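Predicted, not measured: the structure shown is a model, and the values here were computed from it. Just so we're on the same page: letters track the sequence lines, and every chain starts at 1.
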Amino acid sequence: MKTAANLNFGEKAFITAIDETHPSFRRIIEIGFTPGQEIELVNKSIFNDPLAFSLRGTVIAIRKNEAESIILS
Amino acid sequence: MIANTTVSTPLVTLVGPPNSGKTTLFNLLSGKNFKTVNYPGSTIEYNSSHFLPKFDINCNLLDSPGIISLVPSSPDETITINSLYEHPKFGIPKLVIVTVDSSQLSRHLLLVKQLLSSNFSVIIVLTMADILKKKGFTISASMLEEKIGCKVVKIDGRTGKGIEDLITVVKQQLQKENDEVTYLNKIVPNLHAENVLNHFKEIEAIENEVVNQIADEKDLRRANEKLTTLSQKLQSKPDSFTLKLDKILLHPIWGLVLFLFITGAMFTSIFWLALPLMELVDESFASLANLASNYFGYNWYGDLISDGIISSAGAVLIFVPQIVILFLILGFLEDTGYLARGAMLIDKPLSKIGLNGRSFVPMLSGFACAIPAILAARTISNRKERLLTIFIIPLMSCSARLPVYALLIAFIIPKENFLMGGFIFSFIYLFSIISSVIIAGIINKFNKSIIREEDNSSFILELPAYKIPRFSSVYRNTISSTKAYLKEAGPVIITFSIILWALTYFPNTNPQIDITNLSPEEVHEVQKMERVSTSYAAQIGKFTEPIMKPIGMDWRIGVSLISAFVAREVFVSALVLIFKITGDEETLRDSLLNAMRNAEIEGTNQKLFTPSTILGLIVFFVFAMQCLSTVAVAKKETGSWRIPILQILIFSGFAYFAAFITVNGLRLLGFA
Ligand SMILES: Nc1nc2c(ncn2[C@@H]2O[C@H](COP(=O)(O)OP(=O)(O)OP(=O)(O)O)[C@@H](O)[C@H]2O)c(=O)[nH]1
Ligand SMILES: [Mg+2]
């Protein structure tokens, strides 16, 4: 299963679902990671965590384990 | 009667997602000067005020911390959102003005949707239309109004354009809603996720209709380049300049190097930039004190005015330039949008020691003052991480330590050696950062017994587009922070200096000494020394002797350290009152330094201030928990005395231990 954590630099993909069991599930969708949206990995911090995604015209940084709950097509 | 009017004064609350321009609008409407910063989470408290009289609206106006949704994810958000539904002091808002960043419509309308479905009476203010325009789009307020079903006004936060329109709409809405009773619904969290997804679907449809490409041909071409290859016309990309700059500033290696360089340069420049200004303040206070003692003569009130008030106030005011420069640099850094990047870069390392990337901004402001820093920790949603952040903030080298370090460094490094002073200064900062990291790690290990909290750790942070900092707003922030600081600290310091003066002056006001062969000045000096050593302060200080002796110091430093508990900078005033005898030197500091060089441990001819005791004192100040206001704020913010008491015991205990090791270690190695 491909998640936002597996994206390469500059790679784009559409969100298909968000793992509802993840403790940050609610915040992740509230901030705009919803199915149907296209995201792109734009930056990685040291140790590859957190990751920064371009989403809905802005850049949002989330932790790798949170990115794992974002399922891509 | 008065209570009645306050209750009936209607309330207008400003809400909105983080960094959407609420405080900017609040300042425009109220004429106030609250801090606006390019970082999500700069407002952490409900600030209240009124509309400017010229707007002729008799309402309370409230600015609020940014919220993403009406469903809280943390205890702090619960409080924030509850006070939106019913503010403990101002009641239920009559009108809610919600700021929406036009370039982020699809994310920011979620809150609007939730507010509307909770039955709030809402006005939307569209901010940052200029940024949207740069991306090649415009937004139609009237179309949005129609689609979403509430009033919409466009405002340019930088120029204030559109305020008049907003005022008109606010007046209309206030009149309309006058006799209706609204019942507010709270959102039910179980149904929430599904609702959010539905809201987003509706919002995307609305966005498609209200946001349009700019028709102008040149703009159109520019806009077209920025569109993705997808047919979705609104797949607007983030600011391209920001993306490019982030390639460097967030680079896994260069990003970190630059991060260290930026923060390092900041701390070093505080010292170098401020030094000339400090000399200036110092000299003026020295001449003022001299003037006073010449004018009033050698008697008790002359002594009170020149030493108790002017010299001690000067000893503290001397570091105002440093504070101003610190605030200015911090302000510029904040307003560019860089801080969010710093938080992201440092999240992983911090999470290893039980902190969070979001601890970065509070910790950084801890270098200015622990009090706003502890408040800023509210933006950390995980309770354990928040408490741990609050726990270690007093270890950040706050500006109140500046005068202490500046004096102590001046004692060991001659003034001509300007460069060396700056380096030692930066070294102290580095030392305090490294030790606080280690201490945080250790405390995190003992989490169960010290912090006693555990919950989901998360880091979700928007990286705002870079902006060129606006000098005027940075300048205003700096001035108002400095003023606020002086207002807070000033009275405490002056009051305490006077008390301290009295303690060092009485009861033996006119000591009997042998005055044969002594000039009038010398009589004054010897008298003063005798007076201090038989004073109340000395009697109190004698109790500290057994504690001070092992670290090579005596009761006089003991008394000064006790006074430093009120506020660290009082330490310097205390030294002035206890040691300074003459005012011959050009600057206050030189006379104090001279007196310190001559001071001997009572009853011996061993020097009191030596390189090792000075370093011991520096080490003590690095760790000790000394500021009363910090203790009070830590108690308030953590909700109990447990954390502040542990801070005092652990930090001050460790400070003493570390000073002991330093002084005796250096002496074993053969230093004085
Ligand atoms: N370009 C542009 N910038 C704006 C506008 N309005 C506000 N800003 C800037 O946006 C940044 C955020 O503004 P604030 O007023 O602090 O935002 P806030 O909503 O109070 O933010 P929080 O308190 O963190 O939730 C600041 O740097 C402002 O100068 C606008 O209309 N256009
Ligand atoms: Mg604000």
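Contacts between B:Ile460 and chain A at a heavy-atom distance below 4.5 Å involve backbone atoms as well as side-chain atoms. With a 4.5 angstrom heavy-atom cutoff, A:Ile18 does not touch chain B via any of its atoms. Residue contact with chain A, scored on non-hydrogen atoms closer than 4.5 Å, involves the backbone and the side chain of B:Ser457 alike. Residue B:Pro18 does not touch chain A at all, counting heavy-atom pairs closer than 4.5 Å. Of the atoms belonging to A:Glu40, it is side-chain heavy atoms, and not backbone ones, that fall under 4.5 Å from chain B. Of the two parts of B:Leu250, the backbone and the side chain both hold a non-hydrogen atom closer than 4.5 Å to a non-hydrogen atom of chain A. In this structure, chain A has heavy atoms under 4.5 Å from both the backbone and the side chain of B:Leu463.
Residues meeting the side-chain hydrogen bond (donor to acceptor under 3.5 Å, both in side chains) test with B:Glu462, sequence neighbours left out: A:Thr58, B:Gln104, B:Arg107.
For B:Arg378 and B:Thr389, the side-chain atoms include no donor-acceptor pair closer than 3.5 Å.
Panel note: side chain B:Lys22, backbone B:Pro17; a donor-acceptor pair is recorded below 3.5 Å. No side-chain donor-acceptor contact under 3.5 Å links B:Arg358 to the backbone of B:Phe459. B:Thr127 places a side-chain N or O within 3.5 Å of a backbone atom of B:Ser20 that can act as its donor or acceptor partner. Judged by distance alone, with hydrogens and angles left aside, the side-chain atoms of B:Asn382 form a donor-acceptor pair with the main-chain N or O of B:Glu385 at under 3.5 Å.
The number of heavy-atom neighbours closer than 6.0 Å to NZ of A:Lys2, taken from other residues, nucleotides and ligands shown, is above 12.
Among A:Ile60, A:Val42, A:Thr34, the residue with the largest count of heavy-atom pairs under 4.5 Å with chain B is A:Ile60. Between chain A and the residues B:Gly255, B:Ser458, B:Ala465, the largest count of heavy-atom pairs under 4.5 Å involves B:Ser458. Listed options A:Leu55, A:Ile62, A:Asn48, A:Ile28 were ranked by heavy-atom pairs under 4.5 angstrom with chain B; first place goes to A:Ile62.
For an aromatic pair to be called close, the ring centres must be under 6.0 Å apart, and B:Phe200 with A:Phe33 fails this.
Tested against A:Ile70 for a side-chain contact (heavy atoms from CB on, under 4.5 Å), the candidates A:Thr3, A:Ile15, A:Ile29 yield a single pass: A:Ile15.
Residue pairs that meet the salt bridge (charged side-chain N to carboxylate O under 4.0 Å, His left out) test with at least one member in residues 240-256 of chain B, sequence neighbours left out, are B:Asp246-B:Arg341. Applying the salt bridge (charged side-chain N to carboxylate O under 4.0 Å, His left out) test to residues at least two apart or on different chains, the pairs with a partner in residues 58-67 of chain A are A:Arg63-B:Asp347.
Residues of residues 348-356 of chain B placed with any heavy atom under 4.5 Å of a heavy atom in chain A are listed by number as B:Lys348, B:Pro349, B:Ser351, B:Leu355, B:Asn356.
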